[in-house]
Amino acid sequence: SAWVLVLLADPEGCAGVGRGSGQRPPLTPPPSALQTNIPFLQNVLGNDQFLRGTVDTQFIDENPDLFNLRAGQNRAQKLLHYLGHVMVNGPITPIPVNARPSSIDPVVPSVPLGAPTSGFRDVLLRKGPSGFAKAIRHHKGLLLMDTTFRDAHQSLLATRVRTHDLKKIAPFVAHNFSSLFSIENWGGATFDVAMRFLYECPWRRLQELRELIPNIPFQMLLRGANAVGYTNYPDNSVFKFCQVAKENGMDIFRVFDSLNYLPNMMLGMEAAGQAGGVVEAAISYTGDVADPSRTKYTLDYYLDLAEELVKAGTHILAIKDMAGVLKPRASALLVGALRERFPSVPLHIHTHDTSGAGVASMLACAAAGADIVDVAVDAMSGMTSQPSMGAMVACTRGTEHDTGLSKQCGAGFGEAPIIPPPFHTHPPTPSLSAGIQMEKVFDYSEYWEVARGLYAAFDCTATMKSGNADVYENEIPGGQYTNLHFQAHSMGLGHKFKEVKKAYVEANKLLGDLIKVTPSSKIVGDLAQFMVQNNLKREDVEAQADELSFPLSVVGFLQGSIGIPYGGFPEPFRSKVLKDLPRIEGRPGASLPPMDFVKLEQDLRQKHEEEEITPEDVLSAAMYPKVFDEFKEFTANFGPVECLNTRLFLEGPKIAEEFEVCAHGVELERGKTLHIKALALGDINRAGQREVFFELNGQLRSILVKDTKAMKEMHFHPKALKDVKGQIGAPMPGKVIDIKVKEGAAIAKGQPLCVLSAMKMETVVNSPLSGTIKKVYVKPDMSLEGDDLILEIE
């Protein structure tokens with residue numbers, strides 16, 4: 001106690017305790033320590049030696065890290081700034097449609113005490129990937145993968161579901177759906193969107209869900225050499241990513257390539273396998289193997305591709321029907337042929353229910369020999385999502401494909417409580433599993449039916465009222481369909497979405513009839529919206545290919561940035577677009593230098609001094625450098641907003657609303673809870689700010705927030721006059737990403753002027769004439785409407 005009193009009284013003075021003239025110079029604490037000794041005391045009270053009570057007068061000499069003082073993060077004040085900003089200016093995350101989140105929070109069904117029963121993850125942990133694959137193949141009955149935690153909300157809710165709402169239902173799933181083959185909860189667009197729009201760490205989502213669901217395998221979507229991005233990365237980045245994902249709890253890696261380009265797929269498979277994960281190589285499906293008139297993607301094409309993947313050592317073979325165009329007859333043909341060719345390899349089928357035929361197709365796949373099919377819980381199924389879990393459970397009940405799993409679920413699968421390794425010393429005793437109960441499906445669905453109301457502004461039903469069989473014509477992937485719809489609305493093309501879908505078909509033909517899944521589907525979608533925005537038909541694009549300012553994604557694809565499409569690039573279209581631009585031959589990532597992770601981490605620590613940088617953060621920065629930097633800047637300004645409940649995150653509190661941010665919202669640190677009440681919103685001052693008043697833990701707090709809406713109303717951006725030749729207007733609404741020219745510079749016809757971005761689509765605005773830049777009217781990060789004046793040329 002005397003030692004503590006000394007520390008409390010004078011941390012600077014006690015830094016020299018016990019130091020004689022023969023000792024090294026005393027450590028000098030940073031200036032912040034002279035203002036308060038709290039960070040120093042926190043280090044002392046967290047020191048193992050101090051906690052054991054074995055300190056003496058050499059304690060500080062022996063523990064110089066006590067002076068590694070971290071500045072107080074003041075998270076509570078930062079959260080008030082966030083809430084105030086949302087109250088004044090509306091949601092920070094982009095809102096596709098004007099709809100408010102529901103005021104009703106979903107109720108979590110009751111969860112029994114104790115650990116959940118064991119599931120297939122127990123088989124995986126004990127037998128490894130190869131033994132796991134054998135257990136799956138020997139299993140009697142149809143297995144299900146639940147996409148509710150990833151692809152379902154990517155398809156229906158623009159990938160906007162937050163970790164907060166996933167965590168609430170996770171224990172219920174662990175206890176009642178232990179017989180699932182897997183839960184898909186990571187990869188795809190979730191990695192990007194978590195940081196870009198939800199301002200939360202995707203790795204933390206994986207870590208927290210793994211803790212809550214220890215018994216069911218987790219599955220992610222890996223875009224081959226694209227990892228979880230939209231471009232190619234150095235090979236060592238993909239390997240490192242898979243390694244860290246496995247260490248954080250990922251089990252099964254569904255590896256695909258947007259062009260079915262084998263070199264890209266092989267890299268992803270090797271990376272996942274080397275990390276110790278289950279490799280599920282996925283063939284992306286398009287066309288119709290039952291239609292003899294579709295001669296590009298035939299049954300032989302898919303069988304030959306599968307042969308290569310099985311030779312490469314995939315544990316599981318998947319068919320990824322990303323658009324939902326796999327009809328029942330084609331299902332029987334394709335799955336039947338694969339089962340005959342590869343009798344010992346588990347087959348996993350993924351589809352979307354856009355046309356409404358998803359359940360029929362998956363039943364046909366099961367009858368033809370599929371081991372696993374993808375479903376989503378009922379309230380998150382249908383339309384552009386996956387077929388209904390409840391429907392599949394009900395339709396297979398009493399048949400040889402019964403998902404009720406009344407039979408033994410694979411060797412060693414039983415009901416003993418899960419004890420995560422390394423504490424799992426004895427395998428559970430094999431027994432019968434209760435399987436999936438319809439009553440639990442109903443409870444699970446009820447939670448999501450209410451939770452979905454929180455995301456009303458992102459729900460596809462705001463602009464789409466049903467599925468549509470026109471997907472058999474346009475082949476738009478389910479995960480892209482709703483995003484494309486919202487993107488069209490943001491660009492002022494909502495009323496022309498039917499034209500966008502028709503243009504998608506024409507854009508696909510222009511690019512050579514591609515396999516369409518991220519990122520190739522984005523390329524086709526970008527070109528389609530470009531065509532509608534500029535009133536271009538396919539013939540116009542072909543005729544003017546050497547003059548048009550195509551989206552960057554289209555130019556990059558034609559250069560070979562994502563690989564080589566089956567059948568090669570379209571000519572002469574490619575040559576007319578690229579002109580003298582360089583072309584990439586072979587696998588794009590093969591020519592990239594290795595990523596220097598040590599230097600990247602050092603750079604991040606310098607750039608984000610006040611923020612902790614984890615090994616996972618380094619991977620996030622490697623995948624999405626700009627998005628990660630913006631995410632870190634956001635958290636530095638606004639704190640851990642992922643702790644807020646979804647309604648507060650999206651629209652902030654109402655005046656006089658009082659809420660406790662702990663069990664129902666935020667717990668900032670262990671044992672620290674906030675009690676907040678929104679009191680009042682002040683009038684706008686001369687600086688364009690409003691004062692927002694809160695009560696925080698009984699104390700009055702106020703913050704100043706700039707009213708950006710009011711500032712916009714006071715500023716009018718000039719429009720480009722179409723009859724004035726030198727005035728260059730924005731071809732679409734968007735944000736200015738880069739300005740390529742300066743005032744007074746001489747430019748040539750076709751030279752890039754600036755880059756605009758709208759909903760992830762980047763477009764280069766090229767000069768329509770030669771001349772000199774007279775005036776530039778825009779700045780980086782400025783938001784523009786269509787036809788807003790960018791610059792003048794004389």
Side-chain angles (χ1 to χ4, degrees), residues 116-124 127 131-148 173-184 215-217 219 251-252 278 280 315-319 328 331-332 335-336 338-340 342-351 358-378 381 386-416 428-442 444:
T117 57
S118 64
F120 276 108
R121 187 164 191 258
D122 180 69
V123 178
L124 174 58
K127 298 193 171 187
F132 173 77
K134 287 179 182 178
I136 296 300
R137 184 68 192 102
H138 292 153
H139 171 78
K140 303 300 181 184
L142 182 66
L143 289 169
L144 304 178
M145 179 178 90
D146 180 16
T147 68
T148 305
V173 174
H175 279 271
N176 294 285
F177 294 89
S178 60
S179 54
L180 287 170
F181 164 75
S182 66
I183 293 172
E184 188 197 37
N215 56 332
I216 304 172
Q219 182 154 339
D251 299 305
I252 305 169
V278 176
E280 182 180 294
H315 298 115
I316 299 171
L317 186 63
I319 296 296
S331 299
V335 176
L338 290 170
R339 174 51 66 226
E340 183 179 354
F342 311 106
S344 63
V345 179
L347 298 179
H348 188 167
I349 313 300
H350 169 85
T351 193
V359 172
S361 294
M362 292 305 96
L363 290 172
C365 288
D371 299 283
I372 315 141
V373 299
D374 290 358
V375 295
V377 72
D378 302 10
S381 69
Q386 278 66 56
S388 158
M389 176 188 288
M392 288 301 298
V393 171
C395 289
T396 56
R397 177 167 289 175
T399 73
E400 61 180 317
H401 309 298
D402 197 327
T403 61
L405 308 183
S406 57
K407 308 173 183 66
Q408 190 167 313
C409 300
F413 182 94
E415 292 189 339
T429 304
S431 64
L432 299 181
S433 170
I436 297 175
Q437 301 175 34
M438 285 297 289
E439 293 78 10
K440 300 303 181 183
V441 175
F442 300 154
Y444 186 24

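Computed from heavy atoms alone, side chains included, the values below leave out hydrogens, waters and symmetry copies.
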Are the side chains of Ser381 and Gln386 in contact, using a 4.5 Å heavy-atom criterion?
no
Answer whether the closest heavy-atom distance between the side chains of Met145 and Ile216 falls below 4.5 Å.
no
Looking only at non-hydrogen atoms, find the nearest pair between Pro217 and Ile252 and report the distance.
CB-CD1, 3.9 Å
Does some side-chain heavy atom of Asn176 sit less than 4.5 Å from a side-chain heavy atom of Tyr444?
no
Would a distance-only check, ignoring hydrogens and angles, find a side-chain to backbone donor-acceptor pair under 3.5 Å from Glu184 to Asp146?
no
Can you name the one residue among Ile372, Val393, Asp374 that meets side chain to side chain contact (heavy atoms under 4.5 Å, CB included) with Leu144?
Val393
Can you name the closest pair of heavy atoms from Ser331 and Ser361 and give their distance?
OG-O, 3.6 Å
Do Thr396 and Leu363 have side chains that get closer than 4.5 Å, going by heavy atoms?
yes
Looking only at heavy atoms, the pair that brings Asn215 and Pro116 closest together is ND2-CB, 3.5 Å
Heavy-atom distance under 4.5 Å between the side chains of Phe120 and Leu143, does that happen here?
yes
Indicate, with yes or no, if the rings of Phe181 and His348 have centres closer together than 6.0 Å.
yes
Considering the options Val335, Leu347, Leu338, which one meets the side chain to side chain contact (heavy atoms under 4.5 Å, CB included) requirement together with Ile319?
Leu338
Looking only at heavy atoms, what is the nearest atom pair of Ser179 and Ile436, with distance?
OG-CG1, 3.4 Å
In Å and rounded to the nearest 0.5 Å, what is the CG to NZ distance from Asp122 to Lys127?
10.0 Å
Is the shortest side-chain heavy-atom distance between Met362 and Ile349 below 4.5 Å?
yes
Residue pair Thr117 / Ser178, side-chain donor-acceptor N/O under 3.5 Å:
yes
Grab the two heavy atoms, one from His139 and one from Gly141, that are nearest each other, plus how far apart they are.
CD2-O, 3.2 Å
So how far is it from Glu400 CD to Asp402 CG, rounded to the nearest 0.5 Å?
10.5 Å
Do the non-hydrogen side-chain atoms of Arg397 and Met438 ever get within less than 4.5 Å of each other?
yes
Answer whether the closest heavy-atom distance between the side chains of Met392 and Thr403 falls below 4.5 Å.
no
Short question: side chain of Ser182, backbone of Gln219 - any donor-acceptor pair under 3.5 Å?
no
Atom CZ in Arg137, atom CZ in Phe132: separation rounded to 0.5 Å?
14.0 Å
Strictly distance-based, threshold 3.5 Å: is any side-chain N or O of Arg339 a donor or acceptor partner for the main-chain N or O of Pro346?
no
